[in-house]
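Here is the structure we will look at, set down as structure tokens.
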Amino acid sequence: MMCSAHAKRLSAGLLLFISLVFCASLCFGEITAVPLTDADCIKCHHQPSVDIRDHGGAHRDDMGCLGCHDNHPPLGDAIIPECSDCHNGDDHKHFTLKNCSSCHNPHAPGINDLSALDEPKVACLSCHDDVGTTMDKTPSLHAEQQCNDCHTEHGTEKGQFSTCIDCHDKHSPEMTYQDCLGCHQPHAPTTYLWDNDTPADHCAACHEDQVNELLAKGEAHSSDIHCSDCHTAHPPHEEGVIPSCADCHAPSDHPHYKLDNCTACHRPHAPLEIDLTAVSPIKPVCISCHEAPQQEMTQWPSAHNEMDCNECHQEHGEAMSCLDCHDGHNDTMSYRDCLRCHQPHSPLALRFSQAGIRSDLCGSCHRGQLKQLSANTTGHADVQCVFCHRRTHKVILSCDNCHGEPHDSSIHQHFTDCGQCHNGPHNLKN
């Protein structure tokens, strides 16, 4: 409790102050308030003045302290104005939001630390409505997050948002954030938009089998182009996902490109691994590229003409051996021996190899001649059949192609047929 002496002294002081004020009013008349300036505000409000100097933005550039605070206690009550006094909801829908101070400090109105905000998406999208439209158009898990899950600070400068690889595994070890943006946009990550330099190993993160096949068997599809040269878009896009072969292989460039249903034979990622069993008949497809065999079969008809190409060519670039269907002329015969006389597309047009043909192969059809020749005691027994029967079947050289006139021409001039005396070329005797 206050002692009585102290109370008496306090009362006396108060009475003295009141007396002095009363006397001053009598001497000087009515007291008037001195107008304040911004320089006066800083005397008491140091931190707000520092904030508005460093971060005030338009609040610093377009107005002073008294632009908002038009009076000060005890002469006025409305010392803190409403934001809506300047920021009219008719000007922008962001200004229709309530509780402005939950995000904005009036002396530093720009937002720095977004991580401190609770569910700011409604406020963010009121300004960034293009982002909201994008996320509505292309829903993804990103659309279910709050903006400050990725954007830790307001703005788009470096370091103010999380990058893809802060949350997601890279497609390849050397991948950078800029590589991510080559295909994915942060607010629509499943709307794949890329440039033509996207490496195949980035695609392989999801399409490993296709990329591996392309790299191993793609031929020109892997050496000359990127994945993105053909696949210019990705679902949910509808255009440009799987191109038409004719986009590159113009029908006017080659008769083969005029055919329909390319993928019945060709796999785009392994275009030369052709399934010849998928189309029947396959011959029209084959001869669109292989014109020479068709011309050969037309010129020299045989039972081969009536067959479809895939009866012998079960895989592109490969062929069955004659011996897979036909019996050899003898047990020692090889496929190479077949080709010394027969060509697959014109088997009846016998053309003999310059490398020579074993006489026993000829003897499989010409048994009598081979038997005579084997008993021949002349030099004829030492030469192959094709020495006299050159180039094609049923061609027979005349004797004088090798033999000059061995006899007196006056005696033999009437004997033009050597075989009349020499029993034919296969049965000569010394």
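Here the structure is a predicted model, which is why all the values come from computation and not from measurement. The basis for the numbers below is simple: all heavy atoms, side chains too, and nothing from hydrogens, waters or symmetry mates. Quick note: residue numbers are just sequence positions, from 1.
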Legend entry - Flag if over 12 foreign heavy atoms under 6.0 Å of CD, E311: yes
Legend entry - Backbone N/O of P189 and side chain of H184: donor-acceptor pair under 3.5 Å: yes
Legend entry - Short side-chain donor-acceptor distance under 3.5 Å, S140 and T190: no
Inset, instruction - Scan side-chain atoms only and decide if S172 and E174 contain a donor-acceptor pair under the 3.5 Å cut-off. - result: yes
Legend entry - Expected output: side-chain D308 to main-chain N310 donor-acceptor under 3.5 Å: no
Inset, instruction - Inspect the contact between E296 and R351 and indicate whether a charged nitrogen and a carboxylate oxygen are less than 4.0 angstrom apart. - result: yes
Inset, instruction - May I ask you to check whether F352 and H389 place their ring centres under 6.0 Å from each other? - result: no
Legend entry - D136 versus T133, side-chain donor and acceptor atoms under 3.5 Å: no
Inset, instruction - Evaluate whether atom CG of D324 has more than 12 neighbouring non-hydrogen atoms of other residues, nucleotides or ligands under 6.0 angstrom away. - result: yes
Legend entry - side chain to side chain donor-acceptor pair (under 3.5 Å) partners for Q369, two or more places apart: none
Inset, instruction - Would you confirm whether K283, through its side chain, and N305, through its main-chain N or O, come within 3.5 Å as a donor-acceptor pair? - result: yes
Inset, instruction - Evaluate whether atom CD of E239 has more than 12 neighbouring non-hydrogen atoms of other residues, nucleotides or ligands under 6.0 angstrom away. - result: no
Inset, instruction - Take the angle between the ring planes of W194 and H234 and call it parallel below 30°, perpendicular above 60°, tilted in between. - result: perpendicular
Inset, instruction - Could you tell me whether the side chain of R367 and the main chain of S364 form a donor-acceptor pair under 3.5 Å? - result: yes
Inset, instruction - Please work out whether the ring planes of H92 and H94 are parallel, tilted or perpendicular, with thresholds of 30° and 60°. - result: perpendicular
Inset, instruction - Please determine which of H59, R60, H87 meets the side-chain contact (heavy atoms from CB on, under 4.5 Å) test together with P109. - result: H59
Inset, instruction - Using modelled atom types only, decide if a donor and an acceptor are shared between the side chain of D54 and the backbone of D51 within a distance under 3.5 Å. - result: no
Legend entry - Main-chain N/O of H221 paired with D224 side-chain donor or acceptor, under 3.5 Å: no
Inset, instruction - Give a yes or no on whether D327 atom CG has more than 12 heavy-atom contacts from other residues, nucleotides or ligands under 6.0 Å away. - result: no
Legend entry - A264 versus A278, closest heavy-atom pair with distance: O-CB, 3.0 Å
Inset, instruction - Step through the shown structure and confirm whether more than 12 heavy atoms of other residues, nucleotides or ligands are within 6.0 Å of CD on E238. - result: no
Legend entry - Exercise: do N376 and N427 side chains pair donor with acceptor under 3.5 Å: no
Legend entry - Neighbour count above 12 (heavy atom, 6.0 Å) for Q384 CD: yes
Legend entry - Residue F387 excluded, over 12 heavy atoms near CZ under 6.0 Å: no
Inset, instruction - Side-chain contact test, heavy atoms from C-beta onward, threshold under 4.5 Å: evaluate it for D201 versus V211 and give yes or no. - result: no
